[in-house]
Amino acid sequence: MSYQLNFGALLDYQDVLLDGLWMTVKLTLISTVLGILLGVLGAAARRHRNAALRHLSKAYVELIRNTPFIVQLFFVFFGLPAIGIKMTAIEAGVLALVINLGAYLTEIIRAGIDATPKGQLEAARTLGLSSRQIFIRIVLPPAFQRVYSAVVSQCIIVMLGSAVVSQISVPELTFAANFIQSRNFLSFESYLVAALFYLILAFLMRLAFNLIGARAFSRKEKTL
Amino acid sequence: MSLVSVRDVHKYFGELHVLKGIDLTINAGEVVSIIGRSGSGKSTLLRCMNGLESYEQGAIILDGMEVSTDEFQVRKLSHSVGMVFQSFNLFPHLTVGENIMLAPKLIKRVGKEEAKKLAMEVLEKVGLADKFGQYPEKLSGGQQQRVAIARSLAMKPKVLLCDEITSALDPELVGDVLKVLEQLAAEGMTLILVTHEMNFARDVGDRVVFMHQGKVHETGDAKEVLANPQTPELQQFIGAVL
């Protein structure tokens, strides 16, 4: 069995490939930022004193964590128009990614919040801080730091999972690979290159998160 | 005029009756040590005084305000009563200075420069002015506890509640913390301490309150009570801790 590798032929499609890569980067950036925001809000709701908010957040998390992402995506893109909510494939893709990431991050950040020592809350209460001030200033920053590596992993999972939005023809990296191999039949090369790009993206993402984390969570002495 | 007045306070943890009718009046400038065995209700009593614990019956009036666990009431009380804990409870993600300036900025709307001045002032009082920019994890237990005291002082409370604040410290660090308390007492700060430091209670304290099984079992002038305990329970307790 012999197979002649032909990566050179992919160069004819380098624009498609790079456009796809860039789309994946954009999808990832937007859904990571919005997903983290949604996760923080979800976690806050999950531990809110208002029972309705707690139940709502719990229902959201369970609904998303116990259904396949591709079904969520299809529901948003093909299902919602039935009740008059229409959007472009890219909008639908971003929305599905954000909703998905937000649910997992809600649960991760909630775990970080639950690990807050009780004494921290008592000290903050005694100093006169309101519940909201305590959550934002005392509970959230260390909670986020506690679960930061899990947050990073989940964001990377969602970046890789963004490949699924090729199914509603968002022209991202996997869509590009599909397209190229359907034209030149170089499946091996096309998907290998796509995989390599994902690998590099994951690596760069982790690197960026680590740099941000090191800066945000530094405990180096501050000068006056 | 009493600063803290506890009247017939009862407290239950479920079925457990932990405070069984506490009456206690504390005047401004007094240093009161609450002593007793673990489980006697002394920490619970202290925590009832600033709204960290609820009570089912009776009343606690502090600086003219009724104490309750209601958030609004607790916030109001924070202007009059500070609390220092056994486990320091400094906020780990904030520097020493940020820990201290947080409440004055948020609650009293003190400006940035003034907050910094205030923080330096209270840090000097506890002998840690050089730690302003440092994070709590870099400090020893004794230093952390002194920062916690400074953090409370920055709110300029009339009463400082101290819940076994030297119990988690290495023996050689206890002295520095007690020295700060002694200095506060000398300046006229009202202190209510749950403590096992009998020497401190005797030498610095004005009054001792001995709690036993949820009641004030014996109370009076610190030197007097500790030198001549009247009840067998207090005699036994003093024999055990000294």
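Worth knowing before you read on, the calculation uses all heavy atoms, side chains too, and leaves out hydrogens, waters and symmetry mates. Here is the naming used below: chain letters follow the sequence lines, and residue numbers restart at 1 for every chain.
Taking every heavy atom of both residues into account, Glu221(A) and Asp130(B) meet most closely at OE2-O, 4.2 Å. In terms of heavy atoms, Leu90(B) sits closest to Gln120(A) at O-NE2, 2.8 Å.
Contact annotation: the side chain of Arg49(A) approaches that of Glu71(B) to within less than 4.5 Å [non-hydrogen atoms, C-beta and beyond]. The shortest side-chain heavy-atom distance between His93(B) and Phe217(A) does not fall under the 4.5 Å cut-off. Side-chain contact between Leu127(A) and Phe91(B): present, with at least one pair of heavy atoms (C-beta onward) separated by less than 4.5 Å.
One N or O on the side chain of Arg219(A) and one on the backbone of Pro92(B) form a donor-acceptor pair closer than 3.5 Å. The backbone N or O of Ala123(A) lies less than 3.5 Å from no partner atom in the side chain of Asn89(B), so there is not a single donor-acceptor pair.
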- [ ] Report the C-alpha distance between Lys222(A) and Tyr135(B) in whole Å, list the side-chain angles of each, state the deciding distance to 0.1 Å, and finish with yes or no for side-chain contact (heavy atoms from CB on, under 4.5 Å).
- [x] CA-CA 8 Å; Lys222(A) 284 188 191 168; Tyr135(B) 281 90; 3.3 Å; yes
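Contact annotation for Lys138(B): only side-chain heavy atoms (C-beta onward) come within less than 4.5 Å of a heavy atom of chain A. Only the side chain of Met155(B) comes within contact range of chain A, with heavy atoms under 4.5 Å apart. Heavy atoms closer than 4.5 Å to chain A are found in the side chain of Glu137(B), but not in its backbone. Only the side chain of Ile107(B) comes within less than 4.5 Å of a heavy atom in chain A; its backbone stays farther off. Contact annotation for Ser131(A): both backbone and side-chain heavy atoms come within less than 4.5 Å of a heavy atom of chain B. Neither the backbone nor the side chain of Ser87(B) comes within contact range of chain A, judged by heavy atoms closer than 4.5 Å. For Phe85(B), the part lying under 4.5 angstrom from a heavy atom of chain A is the side chain only.
Contact check on Glu122(A) versus Arg47(B) returns a salt bridge, with a Lys/Arg side-chain nitrogen under 4.0 Å from an Asp/Glu carboxylate oxygen. Salt bridge Arg137(A)/Glu98(B): absent, no basic N to carboxylate O contact under 4.0 Å.
The environment of CZ in Phe203(A) is sparse: at most 12 heavy-atom neighbours from other residues, nucleotides or ligands sit within 6.0 Å. Few gaps surround NZ on Lys108(B); more than 12 heavy atoms of other groups in view lie less than 6.0 Å from it. Lys125(B) NZ: 12 or fewer foreign heavy atoms inside a 6.0 Å radius.
At a heavy-atom cut-off of under 4.5 Å, chain A is reached by Val74(B), Arg75(B), Ser78(B), Val81(B), Gly82(B) from residues 74-82 of chain B, listed in order of number.
Remark: Ile136(A) CD1 to Leu106(B) CG distance equals 10.0 Å, nearest 0.5 Å.
Counting heavy-atom pairs closer than 4.5 Å to chain B, the top residue among Pro142(A), Gly128(A), Gly119(A) is Gly128(A).
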